[in-house]
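Here is the structure we will look at.
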Amino acid sequence: MRENEPVTSATRQPETPASTVPPRLIATDLDGTLLRDDKTVSPRTVAALAAAEQAGIDVFFVTGRPARWMDVVSEHVHGHGLAICGNGAAVVDLHGGPGAHRFVKVRELPRQNALDAVGLLRDAAPGTVYAVEQTYGFHQEPDYPKLHMETPDDLAPAEELLAPDGVASREPILKILAYHPALDPDAFLTVARLSVGDRANVTRSSPSALLELSGPEVSKASTLALCCAERGISHEEVVAFGDMPNDLEMLTWAGRSYAMGNAHPDVLAAASGRTAANNEDGVALVIEQLLAERA
């Protein structure tokens, strides 16, 4: 979801938190973290991911992106082939390749919760405009700006889209996107959390005032925890990477976590370690170090 501004990190080598537990799973965000600003995976990072899998460490991509935007990494999934998309709203099998993915788990935002959140945030922050992200569909209000890589399926007010007989009734709702043209992004996030309350989990991954509303208690961390429990992996055996507020729960849940050199200040404060920026192969640096420790 994120369009990172170029940032150069002064951290050339990762600052590593102490841990005596060997890692069994690597969980990494994509935009601003694993991906460079040009949305590519560097050859060094590709090699590091493959080496981790060869060493028996699972790699999970954990992203705010919808499943249909996962072509940038679909050829780099090894073994299990799974990715966590939509900030935890879906677990997707990417083995089929672009356009042929399979939803393994869906944690939807209940329709009434979505309607309530839209109304409450309209009152709290006039001028907010919305889009609706579903398993396959994408719908938006006419005034919602062109922020994404696609043409919406439908244009209508959010209340019409989310109505019981609206176009969004055809599929589960993964998240609501809320954009404000004038508010500071962090201030908008605070306003939204206060007004929406427990009707949805509210976060952000964009440098603009674009918020992402998921089902209550749905986050990258909670879905990652479910996937780890299915594999008998404890949180101490997880190493996580991220750069934005939507990564915070995952970074504090994992046994070891790394903030990218280009990360949001809250992420830098929350993670147990730091690494170089996304354009400097910060994820690969840590993976190489972890594998050297194992050797």
Side-chain angles (χ1 to χ4, degrees), residues 1-5 7 9 11 14 23 25-42 45-46 48-49 52 57-67 69-74 76-77 82-92 94 174-175 185 189 201 203-207 210-212 214 218-225 227-228 235 238-287 290:
M1 294 297 303
R2 184 170 181 218
E3 295 288 341
N4 273 356
E5 297 176 0
V7 180
S9 170
T11 308
L25 187 143
I26 291 168
T28 177
D29 173 50
L30 294 182
D31 296 280
T33 300
L34 188 81
L35 302 180
R36 293 190 165 192
D37 286 349
D38 63 2
K39 306 305 178 187
T40 63
V41 186
S42 74
T45 299
V46 171
L49 294 175
I57 302 173
D58 283 341
V59 176
F60 266 66
F61 301 128
V62 188
T63 178
R65 286 181 172 230
W69 291 5
M70 295 298 288
D71 57 301
V72 291
V73 292
S74 58
H76 305 302
V77 293
L82 300 178
I84 297 172
C85 298
N87 290 331
V91 179
V92 184
L94 300 178
L174 298 187
K175 62 182 179 180
L189 178 58
N201 185 32
T203 190
R204 77 178 188 90
S205 60
S206 170
L210 176 65
L211 306 182
E212 301 161 61
S214 304
V218 173
S219 68
K220 290 185 175 186
S222 62
T223 301
L224 178 61
C227 292
C228 287
H235 72 96
V238 176
V239 179
F241 299 87
D243 73 312
M244 285 296 278
N246 65 328
D247 297 312
L248 283 169
E249 294 96 334
M250 178 175 74
L251 295 174
T252 55
W253 177 82
R256 275 194 270 187
S257 61
Y258 291 86
M260 308 305 293
N262 51 291
H264 186 282
D266 290 350
V267 173
L268 291 169
S272 57
R274 292 190 188 183
T275 187
N278 64 315
N279 284 334
E280 299 171 347
D281 298 329
V283 173
L285 274 169
V286 174
I287 293 176
L290 293 173

Main-chain N/O of [Y] paired with [X] side-chain donor or acceptor, under 3.5 Å:
X: Asn278; Y: Asn262; value: no
X: Lys175; Y: Gly64; value: yes
X: Ser257; Y: Ser272; value: yes
X: Asp37; Y: Asn279; value: no
X: His235; Y: Trp253; value: yes

Handout entry: Pair Glu249, Ser222: side-chain N/O donor-acceptor within cut-off below 3.5 Å
Key =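 Checked: Glu249/Ser222 side chains show no N/O donor-acceptor pair below 3.5 Å.
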Practice task
Tell me yes or no: between the side chains of Thr33 and Asp243, is some donor less than 3.5 Å from an acceptor?
Solution key: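 Note: Thr33 and Asp243 side chains meet the donor-acceptor criterion.
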Exercise for the section: Report the C-alpha distance between Leu290 and Arg256 in whole Å, list the side-chain angles of each, state the deciding distance to 0.1 Å, and finish with yes or no for side chain to side chain contact (heavy atoms under 4.5 Å, CB included). Expected result: CA-CA 11 Å; Leu290 293 173; Arg256 275 194 270 187; 3.4 Å; yes
Practice task
Look at the rings of Tyr258 and Phe241 and say which category their plane angle falls in: under 30° parallel, 30 to 60° tilted, over 60° perpendicular.
Solution key: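 Ring orientation of Tyr258 relative to Phe241: parallel.
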Heavy-atom closest pair, residues [X] and [Y]:
X: Gly242; Y: Ala263; value: O-CB, 4.3 Å
X: Gly282; Y: Met260; value: CA-CE, 3.9 Å
X: Pro245; Y: Val267; value: N-CG2, 4.0 Å
X: Ala270; Y: Thr252; value: CB-CG2, 4.1 Å
X: Ala271; Y: Ala259; value: CB-N, 3.5 Å
X: Leu25; Y: Cys228; value: CD1-SG, 4.1 Å

Problem - Partner of Val41 under side-chain contact (heavy atoms from CB on, under 4.5 Å), chosen from Asp281, Val46, Leu30, Val283 - result: Val46
Practice task
Apply side chain to side chain contact (heavy atoms under 4.5 Å, CB included) to Leu35 and Val73, showing your working.
Solution key: CA-CA 9 Å; Leu35 302 180; Val73 292; 4.1 Å; yes
Spacing of [X] atom [atom1] and [Y] atom [atom2] [to the nearest 0.5 Å]:
X: Ile84; Y: Leu82; atom1: CD1; atom2: CG; answer: 8.5 Å
X: Ile57; Y: Ile287; atom1: CD1; atom2: CD1; answer: 8.0 Å
X: Leu211; Y: Arg204; atom1: CG; atom2: CZ; answer: 8.0 Å
X: Thr203; Y: Lys220; atom1: OG1; atom2: NZ; answer: 8.5 Å
X: Glu212; Y: Asn201; atom1: CD; atom2: CG; answer: 10.0 Å
X: Ser205; Y: Leu210; atom1: OG; atom2: CG; answer: 7.0 Å

Handout entry: Beyond-backbone contact of Met250 with Val62, side-chain heavy atoms, under 4.5 angstrom
Key = yes
Problem - Worked verdict on Met244 versus Asp31 for side chain to side chain contact (heavy atoms under 4.5 Å, CB included) - result: CA-CA 9 Å; Met244 285 296 278; Asp31 296 280; over 6 Å; no
Handout entry: side-chain hydrogen bond (donor to acceptor under 3.5 Å, both in side chains) partners for Asn246, two or more places apart
Key =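 Residues passing side-chain hydrogen bond (donor to acceptor under 3.5 Å, both in side chains) with Asn246: Asn87.
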Problem - Trace of the side chain to side chain contact (heavy atoms under 4.5 Å, CB included) decision for Thr28 with Phe61 - result: CA-CA 5 Å; Thr28 177; Phe61 301 128; 3.8 Å; yes
